Amino acid sequence: MNKNELTGKVAIVTGAGQGMGKAIALLLASKGIKVVIADINEVVANKVADEIGTLGVKVDVTKEDEVESMAKATLEKYGRIDILVNNAGVLRPTKIEDISKKEWDFVLDVNLNGTFLCTKAVLKTMKENGYGRIINMSSSAGRSVSTIGGAHYTAAKAAILGFTRAVAKETASFGVTVNSVCPGLIDTEMVRSDCSVEQIDKYEKSFPIHRLGTPEEVAALVLFLISDAAYITGAAIDINGGDLMI
C-alpha cells in the first residue's frame, strides 16, 4: 500500500467509541484519513475524536434522521465521504424461546437496519465522486452460527452478508467497493461482558490459534480492504483464529 494512498480521505466509523470500532478509527487516522467518530454514546465518541483531533458525532444508527444528520455533518466539515465502516452492533445471548419480539426487533434494527441506513446515507456522494469503500461488520455468526449470541444475532449477521453482495453488485461500476468482515471472538468489552473468564479460557483452548483475536487485528484487515490494492468487492473475509474454516 502506498503510504500516501489514503491521506486526506474521509471516513465514518460507527460504534467507534470502543472495541473494534475504536481500533479501526485509530488505525485509519494514523494513515492520514480524517475519521468521523460516530457512536450512540456521545461521551466516548468525543473522547476518541479528541484523541485524534477530529469530529465526534452522536448517532443512533436505527434512526434515519440521525444517520442523515451524521452524513450531513461529515460533508459540511470535510466536503466528502470516501469510506464507511458499519461497525455499530449489539449482541444478546438469549435462547430462542426466551427472545421477546421487542428484543428480536432491537438486535436486527441495530445490526442490520443500521447497516442499511448508514450505507444509503453515503452512497449518493460516493457515486458522485466515483469512489467509495464500504465495510460491513458481519461475524462468524453470519457464516455459520454465533458462539455466544442468540438466533437474532446470527440472523442479522447472515443478512448483512447478503446485503453486502447486493450493494457491491449495484455500485461497482461507480467505483465503490463493498465488503464484509467476519470476526470470530475478539477481545472487546462486548465479548468480556457476555462471557465469564472460564468460558473465554475454554473457547481459547478450542481455537487452532489459542487466543482471542484483537481489535487491532480486525482494524488491519479493514485497512487492507479499503486500500486501492484490494481487487475485492462483495466478499466476506473471515478473521477468527481458525475457529471456522470453510
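Computed from a prediction, not measured in an experiment: that's the story for all the values here.
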- Gap separating the NZ atom of K22 from the CE atom of M20, nearest 0.5 angstrom: 14.5 Å
- Donor-acceptor contact present, side-chain N179 to main-chain I232, <3.5 Å: yes
- Answer yes or no: is there a side-chain heavy-atom contact under 4.5 Å between V181 and P183? yes
- For residues 33-54, pull every pair meeting side chain to side chain donor-acceptor pair (under 3.5 Å), keeping only residues two or more places apart or in separate chains. T54-Y78
- Apply side-chain contact (heavy atoms from CB on, under 4.5 Å) to T164 and V178, showing your working. CA-CA 6 Å; T164 297; V178 189; 3.9 Å; yes
- Item | Beyond-backbone contact of S146 with K157, side-chain heavy atoms, under 4.5 angstrom | no
- Joint hydrophobic cluster, I33 plus M137, side-chain heavy atoms closer than 4.5 Å: yes
What pairs of donor and acceptor atoms, side-chain ones from residues 79-93 against any protein atom, are under 3.5 angstrom apart with sequence neighbours left out?
| from | atom 1 | to | atom 2 | distance (Å) |
| --- | --- | --- | --- | --- |
| R80 | NE | D82 | OD1 | 2.8 |
| R80 | NE | D82 | OD2 | 3.0 |
| R80 | NH2 | D82 | OD1 | 2.7 |
| D82 | OD2 | V10 | N | 2.8 |
| N86 | ND2 | T119 | OG1 | 3.1 |
| N86 | ND2 | N136 | OD1 | 2.8 |
| N87 | ND2 | T14 | O | 3.2 |
| N87 | ND2 | G15 | O | 3.0 |

- Partners of S69 by side chain to side chain donor-acceptor pair (under 3.5 Å), sequence neighbours excluded? none
- Query: Going through the distances and angles, do S180 and I160 end up as a side-chain contact (heavy atoms from CB on, under 4.5 Å)?
  - Reply: CA-CA 8 Å; S180 293; I160 286 171; 4.1 Å; yes
- Query: In the hydrophobic cluster built from side-chain contacts under 4.5 Å, what are the other members alongside I246?
  - Reply: L244
- Whether E66 side chain and D60 backbone form a donor-acceptor pair below 3.5 Å: yes
- Query: Has the side chain of N240 got a donor or acceptor atom that lies under 3.5 Å from a matching backbone atom of G242?
  - Reply: yes
- Message: Going by the rule side chain to side chain donor-acceptor pair (under 3.5 Å), which residues pair with T214 if we only count those two or more places apart in sequence or in a different chain?
- Response: E217
- Note on the structure: The salt bridge (charged side-chain N to carboxylate O under 4.0 Å, His left out) partners of K120 (sequence neighbours excluded) come to E64
- Message: List the residues meeting salt bridge (charged side-chain N to carboxylate O under 4.0 Å, His left out) with K102, not counting sequence neighbours, and say none if there are none.
- Response: none
- Message: My understanding is that only residues two or more places apart in sequence, or in another chain, count here; which of them pass side chain to side chain donor-acceptor pair (under 3.5 Å) with D105?
- Response: K101
- Task: State the CG-CD1 distance between L212 and I209, to the nearest 0.5 angstrom.
- Result: 11.5 Å
- Task: Determine whether S139 and N111 make a side-chain contact, defined as any pair of heavy atoms from C-beta on separated by less than 4.5 Å.
- Result: no
- Note on the structure: Note: with side-chain heavy atoms under 4.5 Å as the link, the other cluster members for L108 come out as I96, I99, W104
- Any chance you could measure R133, atom CZ, to L6, atom CG, to the nearest 0.5 Å? 9.0 Å
- Item | ILVMFWY cluster, I24 and L221 together (side-chain gap under 4.5 Å) | yes
- Message: The test is side-chain contact (heavy atoms from CB on, under 4.5 Å); show your working for I134 and T177 and say whether it passes.
- Response: CA-CA 6 Å; I134 298 174; T177 65; over 6 Å; no
- Query: How many angstroms lie between CG in L185 and CZ in R211, if you round to the nearest 0.5 Å?
  - Reply: 12.5 Å
- Note on the structure: One should read off an interatomic distance between S140 OG and D243 CG, to the nearest 0.5 angstrom, of 6.0 Å
- Query: Who pairs with E103 by side chain to side chain donor-acceptor pair (under 3.5 Å), at least two apart in sequence or on another chain?
  - Reply: T94, H152
- Task: List for me each residue that meets salt bridge (charged side-chain N to carboxylate O under 4.0 Å, His left out) alongside D238, sequence neighbours excluded, and say none if there are none.
- Result: R143
- Is there a side-chain contact (heavy atoms from CB on, under 4.5 Å) between E216 and L27 once you walk through the steps? CA-CA 8 Å; E216 290 74 21; L27 181 59; over 6 Å; no
- Task: Would you please name every residue forming a salt bridge (charged side-chain N to carboxylate O under 4.0 Å, His left out) with D109, sequence neighbours left out?
- Result: none
- Rounded to the nearest 0.5 Å, what separation is found between the NZ atom of K31 and the OG1 atom of T7? 9.5 Å
